[in-house]
Every structure is written in C-alpha cells, then in structure tokens.
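Heads up, the thing below is written out as structure tokens.
Chain letters run A, B, ... following the sequence lines, proteins first and then strands; every chain starts at 1.
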2 protein chains.
Amino acid sequence: MCYKDPVNVATPPSGSTPTLEDVARAAGVSRATVSRVINGIRNVDPAIQEVVRQAVAATGYVPNQAARSLVTRRAGVVALVVSGASGEEPGEPSPGQVFTDPFFGRVAAGIIGFLRPQGIHPILMFADDAETRTQVLTYLRQGNADGALLVSTHAEDPLPRLLADAGLPAVLFARPAEPIPISYVDVEHRAGARLAADHLVSRGCRRVATITGPPSLPAAQARLAGFRDAMAVHGHPYIPCAEGNFTYHSGEAAMERLLAGHPDLDGVFAANDVMAQAALFVLRHRGLRVPEDVAVIGFDDSSVAAASRPALTTVRHPVEDMAAEMARLLLAQVDRPELPATSIIFDPALVVRESA
Amino acid sequence: MCYKDPVNVATPPSGSTPTLEDVARAAGVSRATVSRVINGIRNVDPAIQEVVRQAVAATGYVPNQAARSLVTRRAGVVALVVSGASGEEPGEPSPGQVFTDPFFGRVAAGIIGFLRPQGIHPILMFADDAETRTQVLTYLRQGNADGALLVSTHAEDPLPRLLADAGLPAVLFARPAEPIPISYVDVEHRAGARLAADHLVSRGCRRVATITGPPSLPAAQARLAGFRDAMAVHGHPYIPCAEGNFTYHSGEAAMERLLAGHPDLDGVFAANDVMAQAALFVLRHRGLRVPEDVAVIGFDDSSVAAASRPALTTVRHPVEDMAAEMARLLLAQVDRPELPATSIIFDPALVVRESA
DNA sequence: GGCAGGATAGAGAGCGCTCTCCAGTGTCGG
DNA sequence: CCGACACTGGAGAGCGCTCTCTATCCTGCC
C-alpha cells in the first residue's frame with residue numbers, strides 16, 4: 001500500500017473547515033482509521049498513526065463536537081445550576097448576587113478544577129421560578145448537557161425532585177431537605193459546630209451565643225443543633241441565638257440583637273464567615289475587643305475569613321474538594337445511569353486565627 | 001387526506017427518546033412538516049399545526065440539539081471566558097477568586113439576563129496559561145460555542161489577539177491595551193474619575209489623594225489620568241497616589257501609605273469600591289471620621305458600596321448593561337461574521353451616599 | 001506448504017435534524 | 001373552462017462523526 005504525502009494533498013476542497021473525510025484523503029487512509037487515531041483507539045499501525053497525525057496538523061482539522069455528540073449521545077457539557085426557591089420571598093438574592101457570595105466562587109472553582117482537565121466545561125444556569133426550572137429540564141433532555149450540578153440557595157427548592165423524577169443525572173451540593181433519591185455531597189455540619197463550641201469553651205468563654213442561618217436550611221439547622229448539643233455537654237444548656245440569613249446585613253442585625261439581650265457575652269459562633277465578619281464590625285463599633293472581650297468563630301473558612309481584621313477563627317468547610325467530588329459523582333452517574341444515588345460527607349476542621 | 005389520531009399512535013417504537021420521525025408518524029405527516037411546526041416556520045395549515053403539536057405533547061418529544069447543531073452549524077452556546085495573563089505573577093488571583101470579585105458577578109448576571117430569554121447559555125471557562133488558552137480556541141473551533149465573551153483580568157492577556165487572528169466571534173469587556181480588531185464595550189473611565197474629582201472639590205476637599213489600580217490596566221490608567229486632569233483644572237496639579245491592584249488588601253496597604261505620607265489629607269478617590277472599602281476601614285481604625293475628616297469616593301457602585309459603613313459614594317459603572325450589550329454584540333457577530341468590530345462606550349454616573 | 005487465528009484497515013450504515021427541491025392542491029384572471 | 005400562480009406538504013439529500021461488520025494481511029504452527 002502506498003500512502004500519499006500528507007502535506008501536499010492536505011488542503012481541503014474549499015475554504016471551509018476540514019472534515020474527517022478531508023484528513024482521510026490527505027493521509028491516504030479511510031475515515032475510520034483517522035477516527036481511530038484521533039480517539040486513541042487500538043489497532044492502528046504506528047506508522048499510519050504518524051501519517052494521520054501529520055495530516056491532521058496539515059489540514060488544521062478539529063473534530064466537530066455536534067457530529068460527535070449526535071452519535072455518542074454525550075454532550076461533553078454539564079450544567080452548573082444555581083437554584084433558588086420560587087422567588088417570592090423579598091430580600092432573596094438575585095441571580096447576580098449569588099456570585100458575590102464567596103461560597104459560590106469556591107464551588108465553581110472546585111468544579112472547574114476537576115472538569116477542565118477532562119475537557120468538560122460547565123454551563124451556567126439560574127433557576128429561580130417555574131419557567132426557568134422547566135428550561136433547565138428541557139435543556140438537559142435535549143442533550144445539551146449530560147447532567148446537572150445543583151447548588152440550591154433554598155431548602156424548598158423543587159428542582160432536585162424534578163431532576164430525580166425525570167431520571168436525569170444530577171448531584172446536589174447539600175443534602176436535600178426532604179429525602180430524594182439523588183446524589184449529594186455535604187459536610188458534617190454538626191461536627192463542625194462542635195469544634196467551634198469546644199474551642200470557645202476551652203478558651204474559657206462562659207456566656208456564649210450564636211448567630212444562625214435560615215432555619216429552613218438543613219445545614220443551618222445542623223450547625224445550630226451541633227453547637228447547642230456540644231455546649232450542653234459542656235454544661236451550658238441554654239444558648240441565646242439570633243437568626244440571620246448568611247448575609248452581612250443579617251449578621252449585623254443579629255449581633256445587635258444578641259448584644260441588646262446579653263451585653264455581657266464573651267463568645268459568638270456565627271453560622272458563616274460573612275455573618276461573623278459583620279459581628280466583628282458590630283463588636284468593634286461597640287468598643288468591644290475581639291478576642292479579648294468577645295471571641296468570635298465563623299464557619300466556612302471562606303476568603304473573607306483570612307481577610308477580616310482580626311482574622312477569623314473559623315470552621316473549615318472543604319468546599320472546593322466537595323465541588324470536585326460533585327463533578328466526579330456526576331460523571332460517574334452519566335457513564336452508568338444505573339448507579340444508585342450516593343452521598344459523600346466531608347469532615348470539617350477548625351482553623352484557628354485571631355478572633356478566637 | 002386523513003390524519004391519524006395523534007394520541008393512539010403516539011408511543012414511539014421503543015422506550016428510547018422520541019425523534020422527529022416518531023412525531024411525524026404519530027401525527028400522520030412528514031418529518032419536514034413537524035420540523036416546520038417546531039421551528040415556527042411559514043406555510044403550515046393551522047389544523048395540521050395543531051395535530052402536530054398534540055403529537056409532540058403525546059410523544060413527549062424534545063428536539064435533539066446535537067443533530068440540530070450539526071446542520072445549522074450553531075451551538076446555541078457562547079463561552080464566557082475569564083482570562084488572565086500568563087499566570088507568572090505571584091499574588092495573581094486564582095480562577096476561583098475571580099468569582100469573589102463582585103464585579104464578575106455583575107458581568108455574569110448581565111450576560112445571563114440577556115441570553116437566557118433567547119435560550120442561550122454561557123459556558124464558563126478560565127484561561128490563564130498557554131494551554132488553557134489553546135483549549136478555549138479549540139473549543140470554539142470545534143463549534144462547542146458560537147463565540148466568546150471575554151473578561152480579562154490583565155492588560156497583557158494574549159487571548160484577544162488569538163481570537164481575533166482566528167477570526168472567531170468575540171467581544172471583550174474592556175478596551176484591549178493594544179489596538180486589536182475586536183469588538184468591546186467599555187465605560188468612559190476618565191469622565192467617571194472627573195465626576196469623583198468634581199464632587200470632592202465641591203465638598204471643599206483641598207488635600208486629595210487617590211488609590212489607583214494596576215498601571216498596566218488601561219482602565220486604571222484612565223481613571224487616574226481623568227482624576228488628575230480634573231483636579232488640575234480645579235487648581236490641584238499634584239495628587240498623591242498609591243498603587244493598589246483592586247483587592248481589599250492592596251487597598252488597605254495603599255491607604256496606609258497615603259496616610260503615612262500625608263496625614264492631613266481630607267479626600268480619597270479609590271479606583272474601585274473594594275479598595276475604597278478598605279480605605280474606610282483603615283481611616284476608621286486611625287480614628288478618622290468619614291466623611292467629616294476624610295471624604296471617600298469609590299468606583300463601580302458594586303454591591304459592597306451600599307453595604308459599606310458608611311455607605312460609599314461612588315461612580316456607577318453600568319456593568320450589567322455593558323455585559324448585556326456584550327452579549328448582543330456577540331450574537332450579532334455570530335449571525336453576520338462579516339460585520340466589522342464595534343465598540344460601545346457607556347457613560348458613568350456619580351452615586352452620592354454617605355462617604356463623600 | 002497450507003491453514004487457523006490475531007491484528008489491522010475499509011465500507012457503510014446510521015445518529016436526528018434541517019432545508020432544498022418538487023409535486024400536488026386550490027384560486028383567480030382571461 | 002383552462003392555464004398561471006401562490007400555497008402546502010413530502011421526499012430525500014446530506015451535516016460530520018462513530019462503530020460494527022467484513023475484508024485483508026501476516027504470523028505461527030502442524
């Protein structure tokens with residue numbers, strides 16, 4: 001057999017983008033062989049592989065993903081869905097604001113860090129009402145994306161159930177409020193809160209209070225419960241608490257309320273760093289020193305924790321690792337849809353800085 | 001002609017997802033007709049349209065995007081690329097940190113707000129070294145995305161040039177450092193800085209300083225130049241300045257330096273809100289009252305501006321509108337690649353709050 | 001030396017859709 | 001009453017790729 005010189009025959013028929021056929025012609029082999037080389041499959045003579053590779057380079061060939069997807073039934077894309085509840089609540093974060101939360105950035109970074117090496121990229125979608133939820137579902141069904149990575153901002157989010165019912169591959173960032181056969185990753189919130197409680201007690205704090213997240217969120221519930229239980233074990237059965245919703249403003253207000261009711265407190269556990277930061281601000285504003293007068297512990301170890309003054313002691317929430325794990329779980333599920341829903345729970349750790 | 005009852009013949013051959021063919025069979029028409037109805041095209045009898053629609057509903061048909069893309073040569077996806085320089089510089093924000101910047105959230109929100117109604121979604125990509133830049137290029141060439149929306153964090157970012165050279169549709173968020181035939185949107189930075197200068201002067205500030213962005217960024221240059229020029233016009237030819245890089249930390253450090261060199265200053269213009277917020281913190285820490293002792297003006301009107309204490313007076317940067325315009329420009333360019341590169345410049349506005 | 005059997009390459013059938021022809025139908029003017 | 005013409009709907013050719021099936025070649029063994 002005689003293979004033609006790949007370089008001289010390379011130019012595709014027209015000025016349009018070259019196809020497999022063009023490369024095959026240039027290399028003097030069949031389409032199938034080129035396909036095999038490109039997809040790195042067995043049974044191709046090394047010499048021919050080399051000829052094909054040269055032909056690919058010479059023609060500037062790039063495989064057409066649509067054609068590939070059509071036959072493989074794989075989009076090579078996953079949806080990263082930021083999903084809220086029905087959107088009726090006032091004060092609910094708008095889609096854009098979600099990004100402002102350092103938490104979301106960490107999730108995105110973790111997901112992308114895992115997916116990028118595999119040539120898979122996330123499509124960004126928001127779902128905050130019935131219409132946009134339908135859009136997500138349709139999008140997945142159309143095969144635009146192979147599955148969904150879901151970050152819900154609300155416990156009542158109906159999207160997880162819709163996805164599960166539709167049998168679409170999906171992984172949640174946190175345990176759903178009600179049991180749904182769907183995979184998720186989460187952190188051991190109770191254990192994290194216990195770490196905070198133990199640390200405050202070991203520092204000698206006796207009058208400790210907590211700023212909670214929205215009670216509708218299981219994560220917030222668990223942090224509160226874990227903190228209370230641990231404090232009870234240390235002999236502090238009653239813990240004053242003020243409810244926030246994870247925003248800076250709500251944290252400020254909550255700290256004000258706590259201080260109004262308990263001016264002598266000497267320790268605060270906030271359910272996330274942003275609220276802890278707000279607490280720091282209020283305390284300093286009141287002339288209270290942190291950690292000398294009041295010790296403050298946050299939760300998440302987000303970027304604001306180290307940036308705070310004083311730097312926040314906080315419970316590390318391994319968000320990036322968890323996000324990468326989400327992606328891993330999703331891809332496994334896409335490959336083998338028959339796999340049962342799995343949940344992976346991560347351990348938190350205490351990061352001691354200056355505030356406690 | 002007699003159309004069969006769509007409901008009874010509906011079930012597709014197997015349990016697999018229904019295709020156009022299945023719907024056509026169910027409706028008793030040809031594939032072409034169903035396609036016409038679905039794509040809302042002319043020349044279909046209303047009665048038949050109805051029959052087809054019922055058949056679609058009965059079969060649960062959803063068009064396969066890959067097949068559609070294959071023939072239309074349109075992915076229905078655009079890439080949202082966050083692009084840095086070569087990544088050698090230490091202290092450079094990692095991909096994930098980019099999200100933490102409220103600025104990026106606003107861009108994403110603006111883009112999504114415009115694209116979502118059209119059923120187009122952005123794919124999130126980072127490009128921070130040669131390899132990932134190639135990945136972006138390849139991705140676009142493969143037809144995975146129809147074009148790129150580029151947010152560069154560095155002036156020397158080579159990606160815009162690569163995109164322009166490859167003839168791929170792309171729109172930048174800011175004017176490229178060197179002239180490149182590529183579309184972009186930007187804000188009139190000089191005019192914005194002038195607004196800040198005028199306001200400080202009209203408040204009676206006499207000893208004004210500024211915290212700049214990285215000098216390699218044209219936007220930072222323009223803000224500084226605009227501020228200096230305007231202050232010169234007001235009779236203040238010399239303006240102390242300290243360089244920051246748009247982060248909170250750099251803003252703190254810059255404010256410290258300014259105060260060290262000019263303890264008596266009474267006005268500060270920071271090139272973005274985050275650094276202005278840091279300035280606020282340093283000033284309060286030093287016991288200086290804002291705005292009584294020192295007036296502070298930021299730039300961007302990002303979410304942190306209103307959340308600061310005192311709330312920041314700032315120059316509004318219409319990021320969301322600009323981002324939407326980027327998307328519009330990109331889609332126009334995808335539709336008609338022969339269109340010349342266009343640039344659209346937005347006007348800033350002063351938002352007066354408490355800090356000045 | 002002939003033949004089984006593994007390794008390798010090619011042929012060709014789709015994947016599901018769009019879109020360009022064409023054929024058929026009905027309408028109107030001459 | 002007939003031909004011209006707008007209007008509809010169908011047939012069928014791909015879009016570029018993967019992958020199964022088959023043909024060919026080569027090696028080794030009896």
Side-chain angles (χ1 to χ4, degrees), chain A residues 1-4 12-14 16-53 55-56 59-76 141-144 146, chain B residues 1-4 12-14 16-53 55-56 59-76 141-144 146:
Chain A
M1 195 184 292
C2 147
Y3 301 109
K4 307 173 200 136
S14 77
S16 67
T17 66
T19 72
L20 251 202
E21 191 69 53
D22 297 323
V23 179
R25 206 173 310 123
V29 299
S30 76
R31 223 175 40 242
T33 301
V34 179
S35 177
R36 278 191 276 255
V37 172
I38 289 184
N39 294 295
I41 314 223
R42 18 111 269 205
N43 298 352
V44 180
D45 186 299
I48 298 196
Q49 286 191 28
E50 188 45 37
V51 173
V52 169
R53 254 188 285 275
V56 167
T59 50
Y61 171 75
V62 215
N64 177 307
Q65 184 58 36
R68 196 176 255 178
S69 291
L70 185 55
V71 33
T72 60
R73 298 165 171 292
R74 239 349 103 68
R141 271 203 274 257
Q142 283 189 137
N144 283 293
D146 299 325
Chain B
M1 194 184 292
C2 147
Y3 301 108
K4 308 176 199 129
S14 78
S16 66
T17 66
T19 73
L20 251 202
E21 191 69 53
D22 297 323
V23 179
R25 202 172 316 121
V29 299
S30 77
R31 221 171 44 241
T33 302
V34 179
S35 175
R36 279 190 275 256
V37 172
I38 288 183
N39 295 295
I41 313 223
R42 21 111 267 208
N43 299 350
V44 179
D45 187 299
I48 298 198
Q49 287 192 28
E50 189 45 37
V51 174
V52 170
R53 255 187 284 276
V56 167
T59 52
Y61 171 75
V62 212
N64 176 308
Q65 184 59 34
R68 193 178 258 177
S69 292
L70 185 56
V71 32
T72 59
R73 296 162 173 293
R74 244 344 109 66
R141 271 202 275 259
Q142 284 189 139
N144 283 294
D146 300 324

May I have the distance from Asn39(A) (atom CG) to dC19(D) (atom P), rounded to whole angstrom? 7 Å

Separation of atom CZ in Arg73(B) from atom C1' in dT18(C), rounded to whole Å: 12 Å

Taking the side chain of Ser35(A) as its heavy atoms from C-beta onward, which of dC15(D), dC17(D), dT18(D) lies nearest to it? dT18(D)

Among dG16(D), dG10(D), dG16(C), the one nearest Thr33(B) by side-chain distance: dG10(D)

Please report the interatomic distance OG1(Thr17(A)) to CZ(Arg73(B)), rounded to the nearest 0.5 Å. 6.0 Å

Find the bend of the helix from dG1(C)-dC30(D) to dG30(C)-dC1(D) as the angle between its two terminal axes (five pairs each), to the nearest 10°. 50°

Work out which heavy atom in Ala75(B) is nearest to a heavy atom in Gly143(B); give both atom names and the distance. CB-O, 3.2 Å

Glu21(B) has an atom CD; how far is it from atom P of dG10(D), in whole Å? 12 Å

Think Asn64(A) has a side-chain N or O under 4.0 angstrom from the OP1 or OP2 of dC15(D)? no

The answer to which of Ala67(B) and Val71(A) contacts DNA chain D further toward the 5' end, by nearest nucleotide, is Ala67(B)

Residues in side chain to side chain contact (heavy atoms under 4.5 Å, CB included) with Ala24(B), at least two apart? Val34(B)

In Å, rounded to the nearest 0.5 Å, how long is the span from OG1 of Thr33(A) to CD of Gln49(A)? 10.5 Å

side-chain contact (heavy atoms from CB on, under 4.5 Å) with Arg36(A): which of Val29(A), Val52(A), Val44(A), Ile48(A)? Val44(A)

Counting side-chain heavy atoms from C-beta on, which of dG16(D), dC17(D), dC17(C) comes nearest to Arg68(A)? dC17(D)

Consider the side chain of Leu20(B), meaning its heavy atoms from C-beta on, and name the nucleotide among dG16(D), dC17(C), dG10(C) that approaches it most closely. dC17(C)

Ile38(A) CD1 to dC17(D) P: how many Å, rounded? 8 Å

Check the distance between dG16(D)'s P and Asp22(A)'s CG and give it to me in whole angstrom. 9 Å

Any non-hydrogen side-chain atom of Val37(A) less than 4.5 Å from a side-chain atom of Val56(A)? no

Atom-to-atom span, CD1 of Ile48(B) to C1' of dT8(D) - whole angstrom: 8 Å

Side-chain heavy-atom pair Ile38(A), Leu20(A) within 4.5 angstrom cut-off: yes

Grab the two heavy atoms, one from Ala66(A) and one from Leu70(B), that are nearest each other, plus how far apart they are. CB-N, 3.8 Å

Rounded off to whole Å, could you give me the CZ-to-C1' distance for the Arg74(A) and dC19(D) pair? 15 Å

Specify the closest pair of heavy atoms between Arg74(B) and Ser69(B), including all atoms of both residues, with the distance to one decimal. O-OG, 2.8 Å

How long is the straight-line distance from CD of Glu21(A) back to OG1 of Thr59(A), given to the nearest 0.5 Å? 12.5 Å

Could you run down the sub-3.5 Å N/O contacts of the protein with nucleotides 11-13 of chain D?
from: dA13(D); atom 1: N6; to: Arg31(B); atom 2: NH2; distance (Å): 3.0

Would you indicate which nucleotide in dG10(C), dT8(C), dG16(D) comes nearest to any side-chain atom of Asp45(A)? dT8(C)

Nearest whole angstrom, please: distance from the P of dA11(C) to the CZ of Arg25(A). 13 Å

